[in-house]
> 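Before I ask anything, let me first share the structure, which is written out below as structure tokens.
From a predicted model like this one, the values you see are computed outputs, not experimental measurements.
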Amino acid sequence: MKQRVFLTLMMSFLFFKGVSAQETNTTVSTAQNENKTSYWTSSEINNEPVLNPNKFRDNWFITVNAGTYLHWGDNCGSAKGKNFQPAAGFSVGKWISPWGGIRLMGMYGRGFGQTYKPTLDRTYNWNIVNGYVDALFNLHNLFGGYKENRFFQAMALVGIGVEHNFGFGNKSWYKDYPIDTDDNTLLGFRAGMLASFRLNKALSLNIEASVNCLDDSYDGQIWDDKWDGHVNLLVGLVYRFKNHDGTHQFTYARRDMSKYDAMNDEINRLRKEAAEMKAAPEVTVKRELIESKRVSTLVSFDTNSTEVNKLQEVNVYTAAEGLKKIENGDLYITPIKNNEMSSDLFNGRANAIRDMLVKEYNVPAGHIFIEENNELVRSLDPAKNCVIIYIVK
């Protein structure tokens with residue numbers, strides 16, 4: 001009885017821990033080192049890469065399993081291998097973080113028992129339908145850091161559920177032997193290990209070994225105050241559904257270095273022009289001081305996207321605050337370079353910025369102008385008080 005209470009408390013604690021993983025931060029440590037990729041990092045987690053935001057619809061999966069039950073109990077010890085019985089299952093689950101998830105799994109299998117030879121020496125079968133809620137723990141990510149596209153991953157699982165036994169066969173000889181042939185529903189606990197092999201971005205192959213602990217009446221006979229149950233040996237094919245951003249897994253936020261290369265090229269060009277101007281013959285220049293409250297800022301987008309991502313919202317906010325300091329000022333949205341992107345893509349991005357300014361920062365729509373030709377914007381009177389948002393491809 002003490003064993004049963006202890007096991008119940010331990011499994012309940014681990015299961016609750018797995019479910020509460022949904023409250024974890026969206027940042028994890030990483031052991032990967034990809035020289036060709038630049039990641040956004042966070043000073044709050046020791047400058048480690050930051051995971052892209054996830055929605056509720058992300059990181060769901062289904063699994064189809066097939067394998068065998070290996071039964072253990074009062075009437076299974078002398079079965080000589082016949083207690084390996086077929087089993088099949090189906091599960092639906094969600095990874096809440098890179099190291100923890102949850103699944104709902106249902107299975108069908110066959111039970112097998114064999115009476116003791118000195119008494120009767122008979123075999124019998126029954127049907128098993130069960131359903132479990134399992135907490136999943138990715139041990140590689142938990143202890144070794146998250147790595148995208150890892151081929152092999154080891155996982156642990158614990159769960160709680162119910163098993164329904166029915167259809168005991170050959171009932172005619174039970175009258176002189178203490179086997180209960182009535183349908184029975186039992187509470188079960190499960191623990192095990194799972195090895196996952198990544199086949200491609202959406203498919204994985206799982207090999208799972210777990211043990212289901214059940215009441216002593218599982219095989220129809222109550223012999224002593226102990227556990228009965230079965231070991232599950234399963235092979236499964238996992239399909240991970242597509243996330244809102246088109247991926248099938250957790251991903252790190254990446255920097256598009258081509259955008260920074262373009263800005264660096266522009267800086268170098270201006271430096272070269274400044275150096276050439278210094279080397280030119282000295283000329284008399286009439287200086288005229290022009291006072292202007294002009295604010296300029298850059299907003300970049302993900303490839304082919306028209307949605308302002310979280311990392312760029314601060315630049316839109318800066319533009320809105322700058323415009324508030326200008327009495328009757330205007331705001332211009334223009335590309336940093338002409339013909340750098342298609343007109344449709346530019347207009348989609350410009351409208352997304354305008355909508356954010358109007359809806360979130362209460363900027364009057366009548367003071368926002370979208371101009372695809374940046375030469376017109378650059379030719380504005382230097383004394384004009386305005387705000388300019390340059391869209392970077």
Side-chain angles (χ1 to χ4, degrees), residues 1 3-4 7-8 11 15 63-93 103-134 157-194 206-237:
M1 183 64 182
Q3 289 179 335
R4 189 173 305 179
L7 184 59
T8 302
M11 299 291 284
F15 177 72
T63 307
V64 177
N65 289 303
T68 183
Y69 283 162
L70 170 61
H71 299 277
W72 50 280
D74 300 307
N75 286 331
C76 299
S78 59
K80 296 181 179 180
K82 294 181 181 179
N83 50 3
F84 283 96
Q85 293 292 313
F90 178 81
S91 64
V92 178
R103 74 177 182 185
L104 177 63
M105 185 173 185
M107 295 189 67
Y108 170 80
R110 292 280 286 169
F112 179 85
Q114 182 167 355
T115 61
Y116 290 107
K117 291 184 178 181
T119 306
L120 189 61
D121 190 17
R122 296 291 297 267
T123 62
Y124 58 98
N125 293 90
W126 67 94
N127 299 310
I128 305 165
V129 175
N130 63 39
Y132 279 78
V133 179
D134 297 324
L157 64 94
V158 293
I160 185 171
V162 293
E163 303 211 9
H164 181 65
N165 300 341
F166 63 98
F168 281 80
N170 299 324
K171 296 182 180 180
S172 59
W173 56 268
Y174 290 161
K175 59 183 180 179
D176 297 322
Y177 198 87
I179 294 179
D180 184 0
T181 62
D182 293 334
D183 296 354
N184 196 10
T185 300
L186 305 174
L187 178 67
F189 303 97
R190 172 152 63 202
M193 294 292 297
L194 189 153
N206 285 358
I207 299 177
E208 178 179 332
S210 59
V211 56
N212 290 20
C213 296
L214 302 157
D215 186 82
D216 188 37
S217 61
Y218 167 69
D219 58 357
Q221 183 177 24
I222 298 177
W223 182 261
D224 198 357
D225 185 17
K226 60 182 180 180
W227 297 93
D228 287 349
H230 51 85
V231 176
N232 315 306
L233 303 174
L234 304 170
V235 175
L237 186 64

> For Y132, check ring-ring contact (aromatic ring centres under 6.0 Å, His included) against everything at least two apart and list the hits.
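ring-ring contact (aromatic ring centres under 6.0 Å, His included) check on Y132 returns nothing, list empty.
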
> Looking at every non-hydrogen atom in both residues, tell me the closest pair between G161 and L187 and how far apart they are.
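Minimum heavy-atom separation between G161 and L187: O-CD1, 3.3 Å.
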
> Shortest non-hydrogen contact from L233 to A209?
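Smallest interatomic distance, heavy atoms only, reads CD2-CB, 4.0 Å.
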
> Donor-acceptor pair, distance only, cut-off 3.5 Å: does the side chain of N130 make one with the backbone of M107?
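Pair found, side chain donor or acceptor close to backbone of M107.
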
> Got a sec, which residues hit ring-ring contact (aromatic ring centres under 6.0 Å, His included) with Y108, two or more places apart in sequence or on another chain?
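Residues passing ring-ring contact (aromatic ring centres under 6.0 Å, His included) with Y108: none at all.
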
> Ignoring hydrogens and geometry, is there a side-chain-to-backbone donor-acceptor pair from T68 to Q85 under 3.5 Å?
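Yes.
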
> Report the residues that fulfil salt bridge (charged side-chain N to carboxylate O under 4.0 Å, His left out) with R103, sequence neighbours left out, ordered by chain and then residue number.
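Once residues adjacent in sequence are excluded, the partners of R103 under the salt bridge (charged side-chain N to carboxylate O under 4.0 Å, His left out) criterion are D134, E208.
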
> Output the distance between atom OG1 (T185) and atom CZ (F166), rounded to the nearest 0.5 Å.
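Going from the OG1 atom of T185 to the CZ atom of F166 covers 10.0 Å.
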
> Dump the intermediate steps for side-chain contact (heavy atoms from CB on, under 4.5 Å) on R190 and V158, then the final yes or no.
CA-CA 5 Å; R190 172 152 63 202; V158 293; over 6 Å; no

> Starting at CZ of R110, measure out to OH of Y69 and round the result to the nearest 0.5 Å.
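OH of Y69 is found 12.5 Å from CZ of R110.
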
> Hey, could you give me the CG/CG distance between N165 and L186, rounded to the nearest 0.5 Å?
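One gets 5.5 Å once the value is rounded to the nearest 0.5 Å.
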
> Once rounded to the nearest 0.5 Å, what's the spacing between atom CG of N206 and atom CG of N65?
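Taking CG in N206 and CG in N65, the distance rounds to 7.0 Å.
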
> Establish, from distance only, whether the side-chain atoms of N232 and N212 form a donor-acceptor pair under 3.5 Å.
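Distance-only check passes for N232 and N212.
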
> Checking side-chain contact (heavy atoms from CB on, under 4.5 Å) for the pair L214/F189: CA distance, chi angles, key distance, verdict?
CA-CA 7 Å; L214 302 157; F189 303 97; over 6 Å; no

> Do L70 and H230 come within less than 4.5 Å of each other through their side chains, counting heavy atoms only?
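Not in contact.
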
> To the nearest 0.5 Å, what is the distance between CD1 on I128 and CG on N184?
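So the gap between those two atoms works out to 11.5 Å.
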
> OG/S210 to CG/L234 distance, rounded to the nearest 0.5 angstrom?
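It comes to 6.0 Å.
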
